[in-house]
There are 2 protein chains.
Amino acid sequence: MVLEELLEQLKKIGIRLTPQRQEIMLVLVERFQEGGPPLSADEITRHVRMRYPGISLDTVYRTLATFTKEGLVRELQFRDHSRRFELVRKGEHHHHLVCLSCGNIKKIPYCPEDCLERTRECYPEFEIKDHSFNVYGYCPKCRED
Amino acid sequence: MVLEELLEQLKKIGIRLTPQRQEIMLVLVERFQEGGPPLSADEITRHVRMRYPGISLDTVYRTLATFTKEGLVRELQFRDHSRRFELVRKGEHHHHLVCLSCGNIKKIPYCPEDCLERTRECYPEFEIKDHSFNVYGYCPKCRED
DNA sequence: ACACGTTATAAGAATTATTCCTATCTAGGA
DNA sequence: TCCTAGATAGGAATAATTCTTATAACGTGT
Ligand SMILES: [Mn+2]
Ligand SMILES: [Mn+2]
Ligand SMILES: [Zn+2]
Ligand SMILES: [Zn+2]
């Protein structure tokens with residue numbers, strides 16, 4: 001049902017509902033439902049190719065850019081220079097705790113709203129659109145060096 | 001004096017104090033003193049080449065990695081995929097407000113310590129080392145599209 | 001001051017992630 | 001069914017970063 005809802009949203013936006021786009025959306029929705037970590041473009045491509053062996057990497061990147069522009073997807077950038085993508089769901093907002101050793105990612109259910117507000121007050125002429133909050137460290141597994 | 005202090009620190013660490021490293025450190029210190037935004041590897045290289053025309057990009061990257069590992073430099077990753085570097089000074093801690101259009105960067109003097117604490121409580125088995133907080137939007141100049 | 005071993009450097013090749021190019025295809029409206 | 005703007009595949013191009021290797025030089029110990 002989440003998928004149908006999102007495909008409907010895509011249709012409303014006015015972009016073409018190609019099979020490639022549907023499949024990419026499906027992969028993102030599945031990951032969201034499992035509660036797993038955000039996906040890299042490469043991981044998404046590998047998943048999509050199980051059904052669409054011919055899809056080009058360029059299409060995946062282009063589609064992710066489109067979804068991001070339309071607010072359906074959020075693009076994340078972590079300290080190891082990895083770029084990842086995850087579904088955006090209204091009413092759900094979280095940040096990320098990342099292991100510096102294995103890359104393991106956990107959700108942080110808190111948001112620095114107070115800092116955001118103070119930043120707004122500090123720079124009232126700046127039109128704030130978004131923010132990121134990442135915490136880095138070593139996961140239980142990696143602490144046992 | 002900041003520079004001398006830092007070079008002293010480098011010596012203490014036990015790595016060789018080459019002219020290249022001194023010059024890179026100088027560039028970082030100057031930028032810190034102006035209060036300007038963090039520098040990209042390319043910007044640092046261009047500055048250093050005014051005095052050391054022959055320095056290789058690889059040396060700049062290697063040196064920045066060394067400084068970062070030793071805690072003298074902080075590496076930042078922004079949403080436009082730009083990687084930047086800034087001097088770390090004890091007792092000084094800030095975050096960044098970034099213009100999505102022109103890349104203009106301002107310092108945010110607030111830190112989400114409460115979120116950090118709650119994250120610690122939420123994942124007590126995770127050894128937290130660091131964090132990032134970035135705010136994105138449009139600067140006054142870029143708002144007049 | 002000198003010699004030596006270790007570590008750092010320059011230069012260019014290699015790697016990797018991402019975007020561009022262009023000919024071809026197709027989703028969806030008429 | 002037809003038409004066309006918009007999307008795709010595939011490969012080339014780009015850009016940032018890292019690797020390789022031969023040479024250079026820092027700084028400890030003589
Ligand atoms: Mn997430
Ligand atoms: Mn800064
Ligand atoms: Zn880990
Ligand atoms: Zn701007």
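Residue numbers start from 1 in every chain, and the chains themselves are labelled A, B, ... in the order their sequence lines are given, proteins ahead of strands.
Protein atom CG of A/Leu64 is 15 Å distant from nucleotide atom P of D/dA7, rounded to whole Å. With rounding to whole Å, B/Glu23 atom CD is found 12 Å from C/dA10 atom P. In this entry the distance linking CD of A/Gln20 with P of C/dT26 reads 9 Å, nearest Å. Going from atom CD1 of A/Ile15 over to atom C1' of C/dG29 covers 17 Å, rounded to whole Å. Between the C1' atom of D/dC26 and the NZ atom of B/Lys12 lies a distance of 20 Å, rounded to the nearest Å. Computed from coordinates, the A/His81 NE2 to D/dA15 P distance equals 19 Å when rounded to whole Å. We find that CG of A/Leu57 is positioned 18 Å from P of C/dC21, with the value rounded to whole Å. Rounded to a whole Å, the CZ atom of A/Arg51 is 19 Å from the C1' atom of D/dT8.
Comparing B/Ile55 and A/Pro19 against DNA chain C, the residue whose closest nucleotide sits nearer the 5' end is B/Ile55. Of the two residues near DNA chain C, B/Thr18 and A/Leu17, the one whose nearest nucleotide lies more 5' is B/Thr18.
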**Request:** Please lay out, stage by stage, how B/Asp80 and B/Ser82 fare under the test side chain to side chain donor-acceptor pair (under 3.5 Å).
**Result:** CA-CA 5 Å; B/Asp80 62 350; B/Ser82 74; 2.9 Å; yes

**Test log, rule side chain to side chain donor-acceptor pair (under 3.5 Å), inputs B/Ser40 and B/Asp42** = CA-CA 5 Å; B/Ser40 68; B/Asp42 192 64; 5.2 Å; no

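The shortest distance between side-chain heavy atoms of A/Pro38 and A/Phe85 does not fall below 4.5 Å.
Taking only side-chain atoms of A/Arg83, from C-beta outward, the nucleotide of C/dG12, C/dT19, C/dT9 with the closest atom is C/dT19.
Using cut-offs of 30° and 60° for the angle between ring planes, the B/His95 and B/His131 rings count as tilted.
Contact check, B/Arg16 against D/dA25: no side-chain N or O comes under 4.0 Å of OP1 or OP2. Residue B/Arg21 has a polar side-chain atom (N or O) positioned under 4.0 Å from OP1 or OP2 of C/dA8.
Contacts of B/Asp58 with the nucleic acid, taken as non-hydrogen atoms under 4.0 Å apart, include base atoms.
In this structure a side-chain-to-backbone donor-acceptor pair under 3.5 Å is present from B/Arg143 to A/Glu125.
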